[in-house]
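Notes follow the structure.
Values in this document were obtained by computation on a predicted structure and should not be read as measured data. Positions are given from 1, in the same order as the sequence printed here. Counting convention: from 1, in listed order, for ligands and their atoms alike. Note: hydrogens, waters and symmetry copies are ignored here, and every other heavy atom, side chains too, is used.
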Amino acid sequence: MTGKINTDPQLNAALDYFKTEDQSSGFNFESFDYKVGVGVNVTKEEILESVQKHFKNELETIIEQRYFFNFAKVISKVANDLKWADRKAIVECVDLEKLKLLGPKTESNSLLQAEGRNKESKRKTTVSSTPNSSEPGSFIWSVLSKLHKVGENYNADGYVITPNTTRLLREHVKACEGKYRTRFPPEPNGILHIGHAKAMNLNFGIAKLKGGHCILRYDDTNPEAEDVRFFTEILNMVEWLGHEPWKVSHTSDYFHELYDFAKELTRRGLAYVDHQTAEEIFEERGGENKGPRRESPYRNRPIDENLRLLEEMRKGLWDEGSACLRMKQDMRDGNPQMWDLVAYRVKFVPHPRTGSEWCIYPSYDFAHCLVDSLENITHSLCTAEFQQSRISYYWLCNALDVYCPVQWEFSRLEIANAVLSKRKILKLIEKAIVTGWSDPRLHTLPALKRRGYPPEAINDFCERVGVTTATSTVDNSLLEACVRNYLNEHAPRTMAVLNPLKVTLINYSQGVIEVEAPDFPTRANTTKHKLRFDGVFYIERDDFREKLEKDYKRLTLEQPVGLSHIGYVITVADIIRDPEGNILELKVTYSPRESTVRKVKAFIHWVSDPAEAEVRWYYPLLKERKGEKTTDFLDLVNPNSLKIYPEALIDKGIMNASVGERFQFERIGYFSVDADSSSSRLVFNLTVTLREDKGKKYNKNL
Ligand code: ATP
Ligand code: MG
């Protein structure tokens, strides 16, 4: 009131003072003024001076990392120097210095996020060097700067402070030893997909970076949809992506604690047993037209009766749908999450882990926040659609006077034209459009693994997509660019022909010769592999045309072409055809490259004395949506999303490759060995084409 508390830090310190200082022996103004900085006025000049000092200390790194530099570091150092300075003023000064030093933000600083979202973008999606999530400037760092510090839950927006908060937070900090504790909570009712990879990247990433812990928690409250095999599949994928859960837990591990909480809530008069049908409850909550709401006729029954009925529900005395436990919240609140949510339902379904011990199961709204609390989660990260659930999350923890974690929302990752939803994937499986959860055309993690996507590339992608609060729909080309970027460095080159045309050299007499080809041509000291050549070889049918067409640089009757690695230049002498006129074979002459006077416009790949293989080429599963948003997604299914090359030919040198091994087939793309392979015949999946536009050109089926 006297205008002597001017800045956020002063105000927060004042609030903290009231929360933490013992005032039983009277209020001490002197200590208050001192601890809160009452009357201290930090000038803009003082702030600027401190900002400039810290910029100078970090100058080299700032210039090198530019906008990737973690400026939050500077901000917190200035805030340390000038304890009572206004935060906003510090940020403004830092922004000003940034602009002075680096100039305006250029495109290369924008993390490709905008590019991913901009479908109109005609630019090819390429990615620069891989950002390392543990380095300052990565997006996890920028996320961290937004999160509250362990134990300072009250600093988070909208956190509800109760008379118990100080005590509960103190106990909480002790329990988690002051370390960040996150959790990844999949429902074991399906297979993880690329969206989950982002959730894992964040939860495990934050814990790792802060030296904390991340729990893998199976959110198994819905026994109807759960299946034992999903538990193992989920763990496999978590580990495949390189994450190490500190602990594996299940919501069902806490069924007893949760039931005790339900009883306690009832005892406190904050829950009641309702006998209305689901339809009646829906109507009571305003119905389809969101009309007036009314309270349940069972809302005000006596506590003892509620306790007795709840126990009866647990004992199986009530049929499914005839009774449920509801929280007694506030039907007049504007947020539907406060309209007496269901806490427990009767379900006579055995649970994969608890068998038939229970016939009542907690709802997500009831279980999630309480298990977060029991596990002393510091930051409960969830996707943005749960934003309106934050209110009930806090309400329930506070209604029971238990530690209340902070819920933080991040945007759900969607990939344009990819099917992620479990319900939709099940439909595709049901209609035999895909072969199962791991069909390489899907974006589930087992599918991406089978297709040859490296886990490193998936994590890189998550890192680049970053975090925004809006839903981020990202073009698949960004994911593919990350895969290409990684495989370029890690998948050795080989030659393979998908659609072979036989070629015989007629002036060749050297028998079998061997040439060497580099595994990684861009590396200085690359390893090499040997290629055998015996005068008969195979090229892609598409690398020969009878007539010379404009801009066609490869083999024609008039135009010679070079053979990669061996350097020969071949000229067509004769075409052998079947009775229908189809080309069976080319007879060609050759000259070593050095002796040819004619300039060759192109070099093509080939295989000699090859092995047979099958190559599976994938196109997008869904066609692009045009116009009408409401189209049933099944109408968008591309009927030609799989093309098989059953007579592909590969270099015998890679015959002993194992399942999952990846290669670059020169001039075509990256491929990985599928589990359908046998020792005599390998099967390859197209991982990604060499260049983005190549896929589009080949993509004539759409
Ligand atoms: P779906 O709607 O695809 O069935 P879900 O949300 O039911 O997915 P869960 O198994 O409950 O899947 O999700 C586990 C965790 O992963 C949750 O924290 C959830 O918020 C997060 N998650 C799920 N889908 C995405 C996504 N597309 N992007 C980011 N995070 C996601
Ligand atoms: Mg879910």
Quick one: which ligand 1 atoms are inside 4.0 Å of a heavy atom on [X]?
{"X": "F410", "answer": "29 (C), 30 (N)"}
{"X": "F184", "answer": "15 (C), 16 (O)"}
{"X": "T383", "answer": "20 (O), 29 (C), 30 (N), 31 (C)"}
{"X": "A199", "answer": "16 (O), 21 (C), 30 (N)"}
{"X": "P185", "answer": "14 (C), 18 (O)"}
{"X": "L413", "answer": "26 (C), 27 (N), 28 (N), 29 (C)"}
{"X": "P186", "answer": "10 (O), 14 (C)"}

Do ligand 1 and S421 have nitrogen or oxygen atoms that lie under 3.5 Å from each other?
-> no

What about the rings of W358 and H256, do their centers lie closer together than 6.0 Å?
-> yes

Is any side-chain N of the basic residue among R183 and E375 closer than 4.0 Å to the acidic one's carboxylate O?
-> no

Salt bridge D157-K146, side-chain N to carboxylate O under 4.0 Å = no

[X] and [Y]: side chain donor to acceptor below 3.5 Å:
{"X": "H172", "Y": "N153", "answer": "no"}
{"X": "S438", "Y": "K449", "answer": "no"}
{"X": "D365", "Y": "S392", "answer": "no"}

Should one rank H193, K424, E409 by closest heavy-atom distance to atom 3 (O) of ligand 1, which comes out on top?
-> H193

Ignoring hydrogens, just give me the one of H196, M200, R412 whose non-hydrogen atom is nearest atom 1 (P) of ligand 1.
-> R412

Would you confirm whether N459, through its side chain, and E456, through its main-chain N or O, come within 3.5 Å as a donor-acceptor pair?
-> no

